[in-house]
Structure formats: structure tokens, C-alpha cells
Number of protein chains: 2
Amino acid sequence: MATMDPDTVNSSAVFRLGVLGAMATDLFANRIEAHELKPKHVGLMVVLAAGRVSSQLELAGVMGVAPSLVVALADHLEKLEAIQRVRDPADRRRQVLTLTDHGRALLATCGELAHAADAEFAADLTPAESAVLTGMLDRLAARQGLPPAATDHS
Amino acid sequence: MATMDPDTVNSSAVFRLGVLGAMATDLFANRIEAHELKPKHVGLMVVLAAGRVSSQLELAGVMGVAPSLVVALADHLEKLEAIQRVRDPADRRRQVLTLTDHGRALLATCGELAHAADAEFAADLTPAESAVLTGMLDRLAARQGLPPAATDHS
DNA sequence: TCAGAATCATTCGGACTCTGAATGATTTGA
DNA sequence: TCAAATCATTCAGAGTCCGAATGATTCTGA
């Protein structure tokens, strides 16, 4: 490349995705605040709703957070009666988390709030753009189990 | 509405942008770590490079953070000799921040790292999808009043 | 069968980031 | 000239998250 643009950073997808993502999360956090939820609580419920995973360690893996954080998030969701925590009879070390009816209702409410926020934040997203976002999220989620590039100081 | 998608949240742009943005920021943070920079340091430099703003209070406004945080970020960048801090002679309450040559070089390096990260982050995307993503980020950024991305003709 | 290694959840301490309330310096306005 | 406003700075503390113990349970091989 010849003379480089003075602000190459700002033209990178990673950087701008980060900035926009932070704004989006702040917006979403404000919308769900009244329900005593934070974005990560919703994230946990979303993973649960997907139905592929139920133990806390697996949750931590999919969400990319420490197991100890899942404990705190699950504690809170249990207090809200949004999830049930039951020891797996087949392996009593595991806690099996399941969404309660109330949890599903809460999640649906968050869905409505999120889409309302979309109207403000990403009003004119074309279906193609939505598809790209979805595709990226799916593929990145599919990369779980790779060397944790995010927090590897070993 | 009839039966709603079981996971409406996950189909909202705000939520997905938040998740992807967090991953993108983590990735970027890892890449610039060796230069003793965090994403917010780069963010400050990006705003400075845009050239519309120079005092710390203005910086705080554009970045959407507390003025006291700008102090800390600027302290560090000054220690790295990436910026200069000079009292505005016309108003000695103000600190005028300017990128040094080294700061510009650092920023350029971060740009390369960011674009390299793009390659990994969007590895599975087709060029068409990439273009859609870029266009979408442009429009979203404009909508949020962020500094416009310079067109990259590398 | 049984002791030791591995696995899962939990607790706890602490690192890190960020904010908001003082404080000090300077400028502005009446 | 003096009071109010403005900018930068410091500081204490809230909030979030991780990693290292700990305890409980399961798995393994001899």
C-alpha cells in the first residue's frame, strides 16, 4: 500500500464494531434495567433458551466468561425465579439450569425491548445486513473451544 | 402477534452488536497490548486525529466518558510520548492535546493491527458480506454522530 | 475395591475500570 | 473587584470480572 490513510484504525471493522457494540450494550442495559437484569443475565438466558447446554461450566464456555461469574449470574436469575437450579441426578456435581415459565416471559419481554431499541439504534438495517450480523455471531459462537485468544497469558 | 420466536432477543441487532462488539474489542485489545495501549487510548487518539477537538473536556464529550477518565488516558499517552499536552495560551485552564509524530506512527501501527484482526474476525465472510458489513457500520456510525470513517484506498 | 486424579460448583480476595464529588486554577460577567 | 462559571485534576468508592483455593462428587487404574 502507498501512503496510508491517516486514520486507518477508524476504518477497521473490529474497531468500529467495538465502539458501536459498546453503545448498543449501554442502550440495551438501560432498557432492561427496570427488570433488574443486566445484558449478561439476558445473555445467559439466551444460551439456555437455545437448549444445547445446561451446566454452568458449559455456559461459561459458550459465554466466554469465568465459571465463577456464571455462579453470580445464575444466583441472581434464580432469585428472580427466572431459572431453576437442579443437581443433575446422573452427575451430582453438575447444576442443571432451566428457564422457568417466568424466565421465558422475561426473555420475551427483553426481546421486545431489544427490538424497540433496534428501531432507535439500527432502524434502517436491511435484511442483508441483519443476515451478515447473524452469520458472524453464529460462526464466532461456533468457534468455541478454540485456544481462548481472549484471555491467554499462559 | 401470534407465537413469537422463542428467542427474540437473539434476533435483535442491538443485542448481537453488543456481543460481537465485546468480542471484537477483546481481540483488538490483545493485539495492541504489546504497545502498552488499551482500546480507549486508541479511541482518544482517533478522535484527536480527526482534528475537530483538542481540549480534554471536549474529548470526554465526544468519547462519552467522564473527564476524569480522559485525564488518566492522556497521562498514559503522554508518558508514551504519543501526545503533547500544552496549556492553551488563550485560556490557561485548557489543556490542548496534540498527536506527536510518534503518536501518529503508533496510530498507524494500530491501524495495521486492527485490519489484520479484521481478517481473522471476518475470515468466514465472503467479500460481498464484508462490503455489506462495512456499509452497515458506516451508516450506524453516522447515525450515532461518530467521526466518519475515512475511505480506505489501500 | 480403593486411593488418587480429574471435574464441577462455589467462595473469596483482589485487580481493573470507571464515575462523581471535592479541590485548585483560571476566566468571565456584573 | 468579586462572585459565578469553567477546565483539569485528585481521590474515594462502586461495579465488574478473574483466578486461586475449597469442597463435593465422579472417574481411573492397580
Exercise. Looking at A/Gln56, does any N or O in its side chain come under 4.0 Å of the phosphate oxygens OP1/OP2 on C/dT10?
Worked result: yes

Report the distance from atom [atom1] of [X] to atom [atom2] of [N], rounded to the nearest whole Å.
X       : N      : atom1 : atom2 : value
B/Leu44 : D/dA8  : CG    : C1'   : 14 Å
B/Leu37 : C/dT17 : CG    : P     : 13 Å
A/Leu59 : D/dC17 : CG    : C1'   : 17 Å
A/Leu69 : C/dC16 : CG    : P     : 18 Å
B/Leu97 : D/dA8  : CG    : C1'   : 11 Å
B/Lys40 : C/dC16 : NZ    : P     : 17 Å
B/Asp26 : C/dC16 : CG    : P     : 16 Å
B/Leu73 : C/dC16 : CG    : P     : 15 Å

Closest nucleotide among [options] to the [X] side chain:
X       : options                : answer
A/Leu57 : C/dA9, D/dA8, C/dT11   : C/dA9
A/Arg94 : C/dA9, D/dC18, C/dT19  : C/dA9
A/Ser68 : C/dC8, D/dG19, D/dA8   : D/dG19
A/Lys38 : D/dG15, C/dT19, D/dC18 : D/dG15

Which atom pairs, one a donor and one an acceptor, fall under 3.5 Å between side chains of residues 35-46 of chain A and the rest of the protein, sequence neighbours left out?
| unit_1 | atom_1 | unit_2 | atom_2 | d |
| --- | --- | --- | --- | --- |
| A/His41 | ND1 | A/Lys38 | N | 2.9 |
| A/His41 | NE2 | A/His76 | ND1 | 3.4 |

For this session: Could you tell me whether the side chain of A/Lys79 reaches within less than 4.5 Å of the side chain of A/Asp75, counting heavy atoms only?
Result: no

Seminar exercise, completed: Of B/Asp138, B/Leu133, B/Leu140, B/Asp118, the one forming a side-chain contact (heavy atoms from CB on, under 4.5 Å) with A/Arg16 is B/Asp138

Exercise. If we ignore angles and hydrogens, is there a donor and acceptor under 3.5 Å between the side chains of A/Arg94 and A/Gln56?
Worked result: no

Problem set entry | Donor-acceptor side-chain pairing of A/Ser55 and A/Glu58 below 3.5 angstrom | yes

Problem set entry | Inter-residue atom distance A/Thr8.OG1 - B/Leu107.CG, 0.5 Å rounding | 7.0 Å

For this session: Identify whether any heavy atom of B/Val65 sits under 4.0 Å from a base atom; if not, whether one sits that close to sugar-phosphate; answer base, sugar-phosphate or nothing.
Result: sugar-phosphate

For this session: Could you walk me through whether B/Val47 and B/Val53 pass side-chain contact (heavy atoms from CB on, under 4.5 Å), step by step?
Result: CA-CA 7 Å; B/Val47 176; B/Val53 137; 4.3 Å; yes

Exercise. Heavy atom of residues 80-93 of chain A under 4.0 Å from DNA chain D: which residues?
Worked result: A/Asp91, A/Arg92, A/Arg93

